[in-house]
Asks: 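Handing you this structure, nothing more for now.
All ligand and atom numbering here is 1-based and tracks the order in the structure.
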Amino acid sequence: TSPLVVAIDGPSGSGKSSTSRGVAGRLGLAYLDTGAMYRAMTWALLQQGVALDDPGAVAAAADAVTLVSGTDPLDPTIHVGGVDVAEPIRSDEVTGSVSLVAAVPHVRELLVARQREVIAGSDGIVVEGRDIGSVVAPDAKVKIYLVADPAARAARRAAENGGADAAATEQALAARDRIDSTRAASPLVQSEGAVVVDGTHLTLDEVIDAIVRIVDAAP
Ligand code: C5P
């Protein structure tokens, strides 16, 4: 039988990572951060000096990149060719160019195949991203589309980044969402059967509670 999959999709800064890790911890499930995989691929290609605005060059270089994702919600690790990249994949440089890399269909083929292997090898897993309910795990038992007002998302992200300018952060999030939602290859969409959870006026614990209740109530 296939493992329990909880798919959590949504735009940047909606609180997907903290929420997904919390849900996995509460339910004793594994956790996969697919955004970290696109970020790690971007980091690797930047290291190699690949021109990220050249989809052909990105696709050609992507095959040789080996990613390993840990699935412990308390300690989600990510390695590229044996190097721990958990920190550098959060840099402004990677954040500013990851959407270009993620729009390349061959990159998505490679990473979606890895993601499905991780899911199939688990005993139940919370998977967060942009295309989990629509493409990676369309048969997921529970699909959540996590949203929050743009201003709330920007405030949260600016606070995480040590008090960065909220207006500039809101613009950067909007730019990334625009690319992620309008690309041809598996754009960010609210997939069929997804339950919308709006975290704008909820605490992290309240969002986690709401999703745990949805999982418990699933047939
Ligand atoms: O979730 P996070 O903000 O770390 O994701 C970084 C980027 O990776 C997103 O802006 C998007 O371009 C890409 N991504 C994606 N599909 C996923 C997860 C992330 O295209 N399933």
Asks: Using a 4.0 Å cut-off on heavy atoms, what residues surround ligand 1? Order them by chain and number.
Replies: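 For ligand 1, the residues that come within the 4.0 Å heavy-atom cutoff are Thr34, Gly35, Tyr38, Arg39, Arg90, Val98, Ser99, Ala102, Arg108, Gly129, Arg130, Asp131, Arg176, Asp180, Arg183.
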Asks: Evaluate the criterion salt bridge (Lys or Arg N to Asp or Glu O under 4.0 Å) for residue pair Asp131 and Arg108; output intermediate values, then yes/no.
Replies: CA-CA 10 Å; Asp131 63 339; Arg108 306 201 68 83; 2.9 Å; yes
Asks: Same cluster or not: Ile119 versus Val142, using hydrophobic residues (I, L, V, M, F, W, Y) connected whenever any side-chain heavy atoms lie under 4.5 Å apart?
Replies: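 No, Ile119 does not connect to Val142 through the hydrophobic network.
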Asks: What do the steps show when you test Asp33 against Arg21 for salt bridge (Lys or Arg N to Asp or Glu O under 4.0 Å), and what is the final call?
Replies: CA-CA 9 Å; Asp33 177 359; Arg21 292 174 64 176; over 6 Å; no
Asks: At their closest point, which heavy atom of Gly199 faces which heavy atom of Val207, and how far apart are they?
Replies: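 Closest pair (atom of Gly199, atom of Val207, distance): CA-CG2, 4.0 Å.
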Asks: When you check the side-chain N and O atoms of Ser17 and Glu128, is any donor under 3.5 Å from an acceptor?
Replies: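 A donor-acceptor contact under 3.5 Å links the two side chains.
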Asks: Below 3.5 Å, can you tabulate the donor-acceptor pairs from side chains in residues 70-86 to any protein atom, sequence neighbours excluded?
Replies:
unit_1 : atom_1 : unit_2 : atom_2 : d
Asp72  : OD1    : Leu74  : N      : 2.8
Thr77  : OG1    : Gly70  : N      : 3.4
Asp84  : OD1    : Ala86  : N      : 3.0

